[in-house]
Student: 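Quick one: structure below, then a few questions.
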Amino acid sequence: MENTLQRIKVATVNEVPKGIGKRVHAGNYEIALFHLADGNIRAVENRCPHKGGVLSEGIVSGNRVFCPMHDWKVDICSGKVEEAGGGCVQTFQVEVENGDVYLLLEDL
Amino acid sequence: MGREKLVLIGNGMAGVRCIDEIVRIDRGRFDITIFGSEPHPNYDRIQLSKVLQGDTSISDITLNDWSWYRDNNITLYTGETIIKVDPGRQVVYSDSGREIPYDHLIFATGSVPFILPIKGADKEGVTAFRDIKDCEQMMDYSLKYKKAAVIGGGLLGLEAARGLLNLGMDVDVVHLGDFLMERQLDRTAANMLKAELEKQGMNFLLEKQTAEILGDGRVEGLRFADGDEIPADLVVMAVGVKPNVQVAAESGIPVNRGIVVDDYMKTEITNVYAVGECAEHRGMVYGLVAPLYEQGKVLARTVCGLESEPYEGSVLFTKLKVSGVDVFSAGSIIEEEETKSIKAFNDWEGTYKKVLITEGKITGAVLFGDTTEGNQLLGLINQGADVSEYLHASREEESLVASMSKDELICGCNGVTKGAIVEAITSQGLTSVDEVKACTSASRSCGGCKPLVAQLIEHTVGESAQLPEHEPVCGCTSLSRDEVVEAIRDLNLSYTREVMNVLDWKTEEGCSTCRPALNYYLNMVHPVTYEDEKESRFVNERLHANIQKDGTYSVVPRMYGGVTDPAQLRKIADVAEKYDVPLVKVTGGQRIDLFGIKKEDLPNVWADLDMPSGYAYGKTLRTVKTCVGEQFCRFGTQDSISLGIALEKKLERISTPHKVKMAVSACPRNCAESGIKDLGIVGVEGAWELYAGGNGGTHLRAADLLCKVKTSEEVLEIAGAYIQFYRETAHYLERTSKWLERMKLETIRAVVVEDQAARAQLNERLDEALSVAKEPWKEVVESPALRKELYEHVSIPVLSK
Ligand code: SRM
Ligand SMILES: Cc1cc2nc3c(=O)[nH]c(=O)nc-3n(C[C@H](O)[C@H](O)[C@H](O)COP(=O)(O)OP(=O)(O)OC[C@H]3O[C@@H](n4cnc5c(N)ncnc54)[C@H](O)[C@@H]3O)c2cc1C
Ligand code: SF4
Ligand code: FES
């Protein structure tokens, strides 16, 4: 039962530009970090459920990102895909403290 | 008593369309419940062919989205199948244990694809072509495997085969008969079709009976009755469908080939109806949407207790949805003793027409190559019109829509007549195809009638009325491109969020369609002051490299006019080695592409190359191809290389609505392919000819002669004016080929060639925009901030516990 979450600093807030995703490699995880217009920072798995497109390169609108490969729409907060094909991406917890961005991850 | 309960089995095209008619008649009348085995809302099955061919995507073919069900208070169970009906107790049972009572029950269970009962048909890699799942499987296989075999040379088989070709597979089409589409075509048309499809890369095996599917678990090949074998990694069975009647039959509803219905779509069992491909009416089962929609209309009125005309059967017609091939067939097409025919066979242009006449009336037609008369003929067949009407109409030079009578069909799929569309246009002031689609459903299914609808709008509103273009920019707004650009100018709007706020966008931050478009329009209107919004750019243009399927990028440096030298080649070779570039390729645009470069390496690669960006990713000038020309070629009449280089240097880096390609050839042999470029130039003795609006891509279009001039200076000036005029008037993502057709060649010629003053002003505005364009690779190489913001990622190694 060693499934504790690790808290890892990945960036400072101003290193994550608004509206443009940042790719984070952490151990075995490949994560897309987004700084949304409302100021929140969110993290999702960086693989589109359709054909593995890199979500961190997509156009961000509100809390959705449009996959750069075939334009599927993914909700960054829930991880849900809004397309007919369906599916979802894993979301990760983010904490911001004193301008630093932390990810909470299981077993790296 | 509460509302009457209406249950629909089958969430497909015919059933949902019928429900749509019902809620239009009386929205509050029924408690409606729909069951569908597929996990999707109702989508346009017809478009699966286009999805497979890459012309549209699965997300774009939804007909009724989730909100439609919600808004009409319809309970929808997707991914849930009805397994039994008890017509005595009036209850349906689903596979997840649900029991729902009904007052009215509609079967719209469609068809099931027919799978040949041969050995190996259950192997992995054998699929039908019926639903989204099949389509996805084919797309998926095309990524992993190379060889596909399609069994069945009918409509569906050929559309599947074309799709698989587009997906990069080698395709064999296996057909039992000795010519293709024998139910819709005669031998002449079928042979023309076969020749055309062979040209497109299809391979045909006619008169072949498949006996066995080979392979060890997964498909590896086919064996035929004559003993021949072919290899295959994917087998698509497109040999026909059979009505899906199992549940009805097991529940005691009378079934023949389909569920038997009368002229009001009622079965023999009280309160039970059937519509669509599962229904059998007067011995006929229909497999095309047009008749199914007619049935749906009749059933809707019946269920609502209204009087309805009886459904009396339909004339069948077909169009093949394969790009580059126009085939139309309607009515009965088999020549018999008492039929006469009008035939026109033009071997030169590859067109063929056959109109069949029985007792002086038009009863069938086959068109190949040119199908513009298709809908008119269908109308005449439907009316049982006299042949003289057809001959009369075709002799008139008037436009086709003008000569059609009110009752003639424009949209065959949805049964919308010319009269109904004209009515909607005039009473509701419609001006765009999309509006007509929303109001009347015309062009809502296969889309083949869009050009006719557009002509009809033009004809009805009158060309002089100067049709305001009213295609909304995207779903986030109801405003058209022109309205948005006008607002940007008049209200002096200066960034995308402002545009969206002021113009009341429906979404807060737009979408992947409008954001890049607004970014372009703002830049076009305020070239000097506008600050490009990187976050509104598609990844390729944000990063100045083309993203690849695996997330790496490609790098194409400029090689002006396709000319290089040993030093440049050496430099490229060094970079390719240093960065372990997996693929170095000469492109179709006369330059070299380095594929598979990691994002974080891009700035270093550019620094080492020290060449300008070739903008192979941009909405801007891509390449200017040149032929060798008078410097070396014995036929060259002009210096094509120098002019090509001058054009490329003048226009590189200017942002345009879509990409722009050019070419310069030094004689009419046209080795640089100037006839299919956005602007193509051809040298002739003592002059240059300029060709505009060509396209060599998805929709091939030969360029039109714009003008002929004496000097290279004039070419450069007209090219500048042409590009600026395109920048100012085109819709974002509209190539010059479409733009030119919309604007008309004469208008463009009048502005950029004939009106000297306008030409000069356009060039001035172009120069203004060019004056601030920066070389993007150099900018990144020299800016540590940009490199960090856009090209670096965060990397955290595995932590030890
Ligand atoms: C590299 C190249 C193929 C090659 O290996 O030769 C190529 C590669 C791509 N083409 Fe192309 N096209 C290439 C020449 C062409 C040509 C031939 C030409 O330019 O003479 C055409 C037809 C001519 C034309 O455009 O009129 C062509 C018509 C297209 C189209 C269809 C455009 C249309 O209006 O129908 C697309 C799709 C699009 O732009 O939406 C496309 C899109 C693409 C994209 C960008 C697809 C994508 O979005 O990822 C490909 C990028 C590959 C990459 O990662 O670098 N490519 N493409 C050629 C690069 C030329 C260059 O040096 O810049
Ligand atoms: C690739 C392709 C291209 C085509 N091109 C054309 C064209 O160009 N022109 C044209 O006119 N037609 C075309 N067609 C045919 C057209 O799509 C069909 O005629 C039409 O979809 C039939 O409508 P339907 O509602 O009867 O059946 P469907 O659309 O098949 O709908 C039936 C639905 O009922 C569901 N269902 C079945 N049984 C149950 C059950 N027991 N419980 C719950 N749900 C159930 C099925 O899963 C299915 O979703 C094409 C078809 C295909 C596959
Ligand atoms: S390079 Fe062009 S033709 Fe080839 S697969 Fe890509 S888009 Fe299609
Ligand atoms: S991979 Fe994301 S949409 Fe296709």
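Below, chain A is the first sequence line, B the second, and so on; all start at residue 1. Since the model is a prediction, treat every value here as computed from it, not as a measurement.
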Student: Is it the case that atom NZ in A:Lys51 sees more than 12 heavy atoms from other parts of the structure closer than 6.0 Å?
Tutor: yes

Student: B:Val794 vs A:His25, test: side chain to side chain contact (heavy atoms under 4.5 Å, CB included). Steps then yes/no.
Tutor: CA-CA 6 Å; B:Val794 180; A:His25 250 329; over 6 Å; no

Student: Taking ring-ring contact (aromatic ring centres under 6.0 Å, His included) as the cut-off, I'd like each qualifying pair that reaches into residues 496-520 of chain B, sequence neighbours left out, listed once.
Tutor: B:Tyr520-B:Tyr732

Student: Could you tell me which portion of A:Lys9 (side chain, backbone, both or neither) has an atom closer than 4.5 angstrom to a non-hydrogen atom of chain B?
Tutor: backbone

Student: Which bit of B:Ser795 is near chain A, if near means a heavy-atom gap under 4.5 Å: side chain, backbone, both or neither?
Tutor: both

Student: If I measure from the heavy atoms of chain B, does A:Val24 come under 4.5 Å with its side chain, its backbone, both, or neither?
Tutor: both

Student: Quick one: list whatever passes ring pair (Phe, Tyr, Trp, His ring centres under 6.0 Å) with B:Trp606, sequence neighbours left out.
Tutor: B:Trp777, B:Tyr791

Student: At under 4.5 Å between heavy atoms, what parts of residues 538-551 of chain B are in contact with chain A? List them by residue number.
Tutor: B:Phe538, B:Val539, B:Arg542, B:Leu543, B:Ile547, B:Gln548, B:Lys549, B:Gly551

Student: Identify the residues of residues 509-519 of chain B whose heavy atoms come closer than 4.5 Å to a heavy atom of chain A, ordered by number, or report 'none'.
Tutor: B:Glu509, B:Gly510, B:Cys511, B:Ser512, B:Arg515, B:Pro516

Student: Quick one: do A:Lys22 and B:Glu789 make a salt bridge, cutoff under 4.0 Å?
Tutor: no

Student: Please check if atom CD in B:Glu508 has more than 12 non-hydrogen atoms from other residues, nucleotides or ligands closer than 6.0 Å.
Tutor: no

Student: Once you round to the nearest 0.5 Å, how far does OG of A:Ser61 lie from CE of B:Met500?
Tutor: 7.0 Å

Student: Check each atom of A:Pro17 against the heavy atoms of chain B and say whether the ones under 4.5 Å are side chain, backbone, both or neither.
Tutor: side chain

Student: Counting heavy-atom pairs under 4.5 Å to chain B, which of A:Val16, A:Val10, A:Val54 comes out on top?
Tutor: A:Val10

Student: Given a strict heavy-atom distance threshold of 4.5 Å, which part of B:Lys788 is in contact with chain A: side chain, backbone, both, or neither?
Tutor: both

Student: In terms of heavy-atom pairs under 4.5 Å, which option from A:Gly21, A:Gly53, A:Ala11, A:Ala37 contacts chain B the most?
Tutor: A:Ala37

Student: Check whether A:Glu15 gets within reach of chain B through its side chain, its backbone, both or neither, counting any heavy atom under 4.5 Å.
Tutor: side chain

